[in-house]
Amino acid sequence: MKTQQFLTLLLLSVAMTPMASCLKDEDVDYNAWEQENTRFVAEKAALTENGLPVYTRLAPTWAPEAFTLVKWENDRTLTANNLQPMDNSLVRVQYALDDIYGNRLSDSYSATASYGDSIYQCRPNDNIVGFWHTLTEMRVGDEVTCIIPAVAGYGNVQNGSIPPYSTLVYKIKLVSIPRYEVPSN
């Protein structure tokens, strides 16, 4: 099933490539932007502290090239017995999204919904691959800094104010899982 979902995402990405070129502004050097984002990911992947990698590389088995770099901000032994979401669980998270320079692109903190202030509610598989897979590796109470390269994000397509080839830097906290399994539509 996951292989089929990945192939669908891949085909959509290929199909959208001509559209992405229409979005490019001739004054913007997307090659340089892509290289800068790639360099940022490589630097973070190589970062060590006390001889150990700071970030863990996570990749779904069904899309190994769509990896993320994750830094666990909490003591995982304290959340080891907590619930871990499935692809189609209903989850509530708090997040902040920045670009590689620390510029805020989006966050849940400005949202006020009936299920709580600062909460983004979703199913993991309704999000970009990097966010989706990271959520399914977390347990309730976990907090991470997650670096999502373009291949696991929006790829070569502009999404709102996010340019093509952008690396996304998320701070994510998995707050709760109100429904462990949500039927497919």
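Numbering of residues begins at 1 and proceeds along the displayed sequence.
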Using the rule that Ile, Leu, Val, Met, Phe, Trp and Tyr join whenever any side-chain heavy atoms are under 4.5 Å apart, tell me whether [X] and [Y] fall into a single cluster.
X: Leu174; Y: Tyr180; result: yes
X: Val169; Y: Val54; result: yes
X: Val70; Y: Ile128; result: yes
X: Leu47; Y: Ile100; result: yes
X: Ile177; Y: Ile172; result: yes

(request) Could you tell me whether the side chain of Glu49 and the main chain of Gly51 form a donor-acceptor pair under 3.5 Å? (result)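 Such a contact is absent between Glu49 side chain and Gly51 backbone.
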
(message) When you measure from the side chain of Ser108 to the backbone of Ser118, do you find a donor-acceptor pair of N or O atoms at a distance under 3.5 Å?
(response)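 Here the side-chain-to-backbone pair exists.
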
(request) Kindly determine whether Ser106 and Tyr95 satisfy side chain to side chain donor-acceptor pair (under 3.5 Å), including the steps that lead there. (result) CA-CA 8 Å; Ser106 176; Tyr95 78 89; 2.9 Å; yes

Smallest separation among heavy atoms of [X] and [Y], with atom names:
X: Ile148; Y: Phe131; answer: CD1-N, 3.5 Å
X: Pro124; Y: Met86; answer: CG-O, 3.5 Å
X: Asn82; Y: Arg139; answer: O-NH1, 2.7 Å
X: Gly141; Y: Thr79; answer: C-CG2, 3.9 Å
X: Pro178; Y: Gln121; answer: CG-OE1, 4.3 Å
X: Val129; Y: Ala66; answer: CG1-CB, 3.8 Å

(message) Less than 3.5 Å apart, any donor N or O on the side chain of Ser166 or Trp33 sitting next to an acceptor on the other?
(response)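 Yes, a side-chain donor-acceptor pair sits under 3.5 Å.
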
[Y] and [X], any side-chain heavy atoms less than 4.5 Å apart:
X: Tyr55; Y: Val144; answer: no
X: Ile147; Y: Val41; answer: yes
X: Trp72; Y: Glu143; answer: no
X: Val91; Y: Arg123; answer: no
X: Cys146; Y: Thr68; answer: yes
X: Thr38; Y: Gln35; answer: no

Measure the spacing between [atom1] of [X] and [atom2] of [Y] and express it to the nearest 0.5 Å.
X: Leu135; Y: Cys122; atom1: CG; atom2: SG; result: 6.0 Å
X: Ile162; Y: Leu97; atom1: CD1; atom2: CG; result: 5.0 Å
X: Leu168; Y: Asn37; atom1: CG; atom2: CG; result: 8.5 Å
X: Tyr30; Y: Asn156; atom1: OH; atom2: CG; result: 11.0 Å
X: Tyr109; Y: Gln94; atom1: OH; atom2: CD; result: 4.5 Å
X: Gln84; Y: Asn81; atom1: CD; atom2: CG; result: 11.5 Å

(request) Name all pairs fulfilling the salt bridge (charged side-chain N to carboxylate O under 4.0 Å, His left out) condition that reach into residues 94-105, sequence neighbours left out, sorted by first residue then second. (result)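 Non-adjacent pairs meeting salt bridge (charged side-chain N to carboxylate O under 4.0 Å, His left out): Asp98-Arg104, Arg104-Asp107.
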
(request) Sorted by first residue and then second, give each salt bridge (charged side-chain N to carboxylate O under 4.0 Å, His left out) pair with at least one member in residues 69-85; sequence neighbours left out. (result)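 Found Arg76-Asp142.
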
(message) Pro149 and side chain to side chain contact (heavy atoms under 4.5 Å, CB included): which single residue from Phe67, Phe40, Tyr165 fits?
(response)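 It is Phe67; the other options fail the test.
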
